[in-house]
Every structure is written in C-alpha cells, then in structure tokens.
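Only one structure is covered here, and it is reproduced in the block below.
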There are 2 protein chains.
Amino acid sequence: MKISELSRRTGVPVASIKYFLRQELLPAGRATAATLAEYGDEHVQRLRLIKALTALGGLSIAATRNVLAAIDQADSSEGALGAVSYALPVPMAAQSAAGDEEEAEADATAGAEVAELLAALNWQAPGTSPHVQGLTSALKELRRLDARYAPGELAAYARLAESVARLDLERAAGVDDPVALAERAVIVFAICAPVFELLRRLAQEDQVRRRAAGDGAEAASPR
Amino acid sequence: MKISELSRRTGVPVASIKYFLRQELLPAGRATAATLAEYGDEHVQRLRLIKALTALGGLSIAATRNVLAAIDQADSSEGALGAVSYALPVPMAAQSAAGDEEEAEADATAGAEVAELLAALNWQAPGTSPHVQGLTSALKELRRLDARYAPGELAAYARLAESVARLDLERAAGVDDPVALAERAVIVFAICAPVFELLRRLAQEDQVRRRAAGDGAEAASPR
DNA sequence: CTCAACAAGATACTGCCACTATCCAGTACT
DNA sequence: AGTACTGGATAGTGGCAGTATCTTGTTGAG
C-alpha cells in the first residue's frame with residue numbers, strides 16, 4: 001500500500017508518517033521506483049505501537065526509538081524482556097547538581113539503603129541497572145524532602161511489587177517469538193503500568209471515602 | 001530575605017524564581033517598597049516542593065500549579081487528599097479521535113468493564129472521576145492493541161493496588177494539618193509512585209533472571 | 001550626598017521538541 | 001498530455017520551560 005493508504009488506515013497524517021520515517025521509528029517501505037514505495041501490514045502495526053507508546057505511554061520520540069530498537073534486536077526471550085525493560089525511560093533519572101561532599105554522603109547512604117533492600121529481598125540486580133540508580137536517587141531526594149520511608153516500609157512495598165511483577169510475567173508468558181514477546185512486554189510495561197497507577201489511585205480514593213464515612217476510624221474491610 | 005538569598009539557599013536561579021512567581025507557583029513576597037520584597041522560609045520550602053514535583057515527579061508547570069492550588073485550598077484532611085489526587089495528572093488522559101460508531105461501542109464496552117470491576121471490588125467511585133475515565137480509555141486502547149486483560153486478571157491487579165493504597169494511607173496518617181497532609185500526599189503520590197514502578201521493574205528483572213537460570217522453568221520462590 | 005550594586009517587574013529572546021507545510025522531481029493512471 | 005499523487009528534503013510552526021535584558025526604584029558604603 002502507499003503512504004496515503006497507510007495514513008487512512010491508521011489515522012496518522014501523512015506528514016507525521018514521514019516524520020516517523022525520518023526519525024527511524026518506522027522502517028522504510030520497499031521502494032518500487034524512485035518516488036514510490038510499498039508499505040505493508042507490519043507498518044500499520046508498528047504505527048499503532050508508536051501511537052500507543054507516545055500518546056498513551058507518554059514516551060518521547062527518542063525513548064520510543066530506543067524501545068523499538070530493543071524490540072527489533074531481541075533475539076532471545078529473556079533478552080527481549082531485559083532490553084525492553086532497560087529501554088523504557090526510568091522515572092526520576094537523577095538530577096542533583098554535582099557533588100559537594102554532603103551530596104556524596106547522601107549518595108552513599110541511599111546506595112546502602114538500596115543494597116540492603118535488595119539483599120533482604122534476595123533480589124539479584126546489577127548495580128549498573130538504571131532501576132537501581134533511579135531508586136537510589138529517589139531515596140536520596142525523599143530524604144532531602146524529609147519524607148523518607150520508615151524502616152521496613154519500603155520492603156513492604158517491594159513485596160507487593162514482587163506480586164505485581166509475577167502477574168506481569170504471567171501475562172507475558174506463552175509468547176515464544178522474541179519480537180512478539182518484546183512487543184507484548186512493551187505494552188505491559190508502558191501501558192499497564194499506568195493502569196496500575198490508576199487502580200492505586202482509585203483504591204486510595206475508595207479508602208479515603210470509607211475512612212471519612214467511618215469518621216476517621218479504621219478502613220473498612222481490612223481483609 | 002531577598003530574592004538572591006532565596007536563590008542561593010535553594011539553588012534555583014533568580015530568573016527561574018521570577019518565572020515561578022509569574023506562573024503563580026510561588027506566592028509573591030511581602031512587598032516592602034516598590035522594588036523590594038521580603039521572602040520567608042515558606043518560600044524556600046515551596047521552591048523545594050516545586051523542584052520535587054517538576055524534576056522528580058516530571059510534572060509540567062501547569063500540572064504543578066494545579067497541585068499547589070489544591071494544597072493551598074485544602075481545608076479538611078479528606079478534602080486535601082482528594083484534591084491532590086485529582087489535581088495530579090492522570091496517566092493516559094484519552095485521545096481517541098471523535099466518535100464514529102465503532103468508537104462509541106468500544107467506549108461502552110470498556111465503560112461496562114470498569115463498572116463491573118468496581119462493583120466486584122466494592123469500590124466506590126463517581127463516574128466522573130478522572131481515574132475512572134482514564135481506566136476506561138486505557139482498557140479501550142488495550143483492546144485496540146489486542147492486549148486486553150484476561151478475565152479476573154485486572155481484578156487481581158486491583159487487589160494488589162488496594163494493598164498498596166493501604167500502605168500509602170498509612171504513610172499519610174498521623175498528619176493533622178490539612179496543608180501539611182496535602183504536601184505529604186503530593187510527595188507520596190508523585191514521588192513514591194515512580195518508586196513503586198522502579199521496584200516493580202526490579203522485581204521483573206529478578207524474576208526474568210531466575211527463570212532464565214532455572215532454564216525457563218518455574219519462578220523461584222513462588223511463596 | 002552620591003553612586004555603584006542590587007531589587008522587582010515587564011518584556012523579549014532562546015533552545016528543544018513534535019510535528020506540519022512547502023517544494024521538487026519522479027511516477028501512474030486516463 | 002495532463003492531472004493527481006508519490007517519496008524525500010528542507011523549512012516553518014506552536015508550545016513549553018526557562019533565560020536574558022531593560023527600566024525603574026532602593027540601599028547602603030564612602
């Protein structure tokens with residue numbers, strides 16, 4: 001199909017498709033002549049994925065490019081999952097102005113806290129993982145805001161996160177082709193994470209309501 | 001203190017402080033003359049909060065303004081929590097081009113799905129809640145991407161979300177002043193939500209590693 | 001008292017990002 | 001032959017988040 005047809009089928013303006021081509025989010029069509037190329041269903045699907053990542057997942061073009069590249073390079077199933085997980089933008093990717101010594105100390109404290117947490121949970125994660133780094137800088141910032149987690153609190157969250165992750169992986173199970181798996185993983189990570197956030201907010205809302213109704217007393221149905 | 005001192009204490013450039021004043025993120029100082037104003041500790045704290053929300057929480061200036069306004073208007077504790085929760089930007093705030101009929105149908109299906117979920121969980125939430133709407137459009141989009149949740153799967157996530165929310169509220173408990181509570185809630189919502197996301201990713205990472213080690217077999221320590 | 005240094009506020013400018021529009025040869029159908 | 005459309009290159013747009021400059025006013029050291 002030609003570009004106009006691709007546009008019609010996906011609802012993406014022709015100019016935007018050209019933009020995505022330039023940005024290498026979308027592979028070029030098969031050229032049939034100097035000014036003519038043929039696009040296929042894979043382009044339709046890729047465009048849908050791009051729209052999902054940018055519009056719903058809120059990813060930038062650059063982040064989307066990384067994620068898509070990770071998908072395309074996926075050769076094994078685990079590789080696919082890992083690559084996608086690393087390619088997705090990490091919340092709170094540090095910022096802190098360069099290091100005076102007070103800064104360095106806060107860094108070390110937060111780092112130790114993270115290491116301790118990982119050990120307590122028996123989670124394996126390389127210190128180079130962007131997630132570990134993100135967690136470290138988040139804890140540092142919370143400390144600065146005087147809102148650090150109480151001891152054990154973070155671990156409690158982590159255990160729940162573990163359960164959520166278990167569900168996530170089950171959702172991704174049963175897909176064998178690495179590329180299809182990577183694509184599924186992107187959706188799970190980028191779209192379903194916000195869904196969980198929404199559920200969490202709804203749950204908070206509900207519990208606030210219950211407490212208000214019960215006049216500040218206990219939350220209803222603690223089990 | 002004068003603006004330059006405020007800048008020195010917070011590390012925010014003077015020009016940016018002026019920008020925040022213009023954007024009404026920061027209340028004006030107490031004017032002592034036509035070209036002189038006095039700032040206080042509350043300005044230091046507010047600036048810290050602004051930085052946390054924008055740099056860490058990734059909120060836009062407009063979103064930050066809403067959140068801060070919600071904080072300032074908080075008169076009761078529940079009101080504070082609700083206002084903050086609603087003021088924070090909702091992930092995936094819909095997009096879908098206007099309604100052909102296929103569209104409307106998808107809308108209705110997703111809406112019913114959400115209503116059913118809420119009923120099953122016995123959660124109270126008005127249909128006007130931005131979270132309900134966000135959830136609806138997310139489900140719609142997942143359906144379009146052919147990645148909908150299996151029956152019961154969403155409820156399983158929701159139950160975990162409930163546990164997380166319970167932890168959240170405990171974290172916010174014990175603060176009586178509505179404004180302080182609202183501020184705490186903002187931190188919990190905007191900073192700790194990304195923290196949970198990081199934990200989730202780490203947990204996924206760990207489990208993928210375990211499965212790979214166990215050569216695709218079961219996840220280690222399912223309990 | 002004077003004057004350099006700083007203050008507040010208004011306005012204008014900058015850089016980045018995600019598009020969007022225009023232009024140019026080069027097909028393709030009729 | 002002519003019109004409509006194509007791919008590709010390049011330039012322009014609008015929004016956002018600051019940053020810089022300019023004007024007028026204030027202050028405090030000499």
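Lettering of chains follows the sequences in order, A, B, ..., and the numbering in each one begins at 1. Hydrogens, waters and symmetry mates play no part in the numbers below; they use all other heavy atoms, side chains included.
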Taking for B:Tyr39 and for A:Lys2 the nucleotide of DNA chain C with the nearest heavy atom, the one nearer the 5' end belongs to B:Tyr39

Between CG of A:Leu198 and CG of B:Leu135, what distance do you get to the nearest 0.5 Å?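 It is 6.0 Å, given to the nearest 0.5 Å.
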
Angle class for the A:Phe196/B:Phe196 ring planes (parallel below 30°, perpendicular above 60°, tilted otherwise)?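 Correct class here is parallel.
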
Taking 4.0 angstrom as the limit, do A:Glu197 and A:Arg201 come out as a salt bridge?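 Counted as a salt bridge, because a side-chain N and a carboxylate O are separated by less than 4.0 Å.
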
Pairs where residues 24-64 of chain B contributes a residue and the test ring pair (Phe, Tyr, Trp, His ring centres under 6.0 Å) is met, not counting sequence neighbours: B:Tyr39-B:His43

Rounding to an integer number of Å, can you tell me how far B:Lys51 NZ sits from D:dG18 P?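 The distance from NZ of B:Lys51 to P of D:dG18 comes to 11 Å, rounded to the nearest Å.
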
With sugar-phosphate meaning primed atoms plus P, OP1 and OP2, does A:Ser60 contact a base, only sugar-phosphate, or nothing at under 4.0 Å between heavy atoms? sugar-phosphate

Contact check, residues 3-25 of chain B vs DNA chain C, heavy-atom distance under 4.0 Å, returns B:Ile3, B:Ser4, B:Lys18, B:Arg22

Distance-only criterion, 3.5 Å: show the donor-acceptor pairs between side-chain atoms of residues 14-23 of chain B and protein atoms not counting sequence neighbours.
residue, atom, partner, partner atom, Å
B:Gln23, OE1, B:Arg65, NH1, 3.2

Residue pair B:Arg171 / B:Leu167, side-chain heavy-atom distance below 4.5 Å: no

Min side-chain heavy-atom separation A:Lys51-A:Val12 under 4.5 Å: yes

Salt bridge (Lys or Arg N to Asp or Glu O under 4.0 Å) for A:Glu162 and B:Arg200? Distances and angles first, verdict last. CA-CA 6 Å; A:Glu162 201 167 26; B:Arg200 179 184 186 169; over 6 Å; no

Going 5' to 3' along DNA chain C, which are the first and last nucleotides with any atom under 4.0 Å from a heavy atom of chain B?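 Using the under 4.0 Å cut-off, the span is C:dA7 to C:dT11.
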
Donor-acceptor pair, distance only, cut-off 3.5 Å: does the side chain of B:Ser7 make one with the backbone of B:Ile3?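 No; judged by distance alone, with no hydrogens or angles, the pair does not exist.
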
If you take any heavy atom closer than 4.0 Å to DNA chain D, which residues from residues 27-38 of chain B end up in contact? B:Ala33, B:Ala34, B:Thr35, B:Leu36

State which residues pass salt bridge (Lys or Arg N to Asp or Glu O under 4.0 Å) with A:Asp72; sequence neighbours excluded, sorted by chain then number. A:Arg46

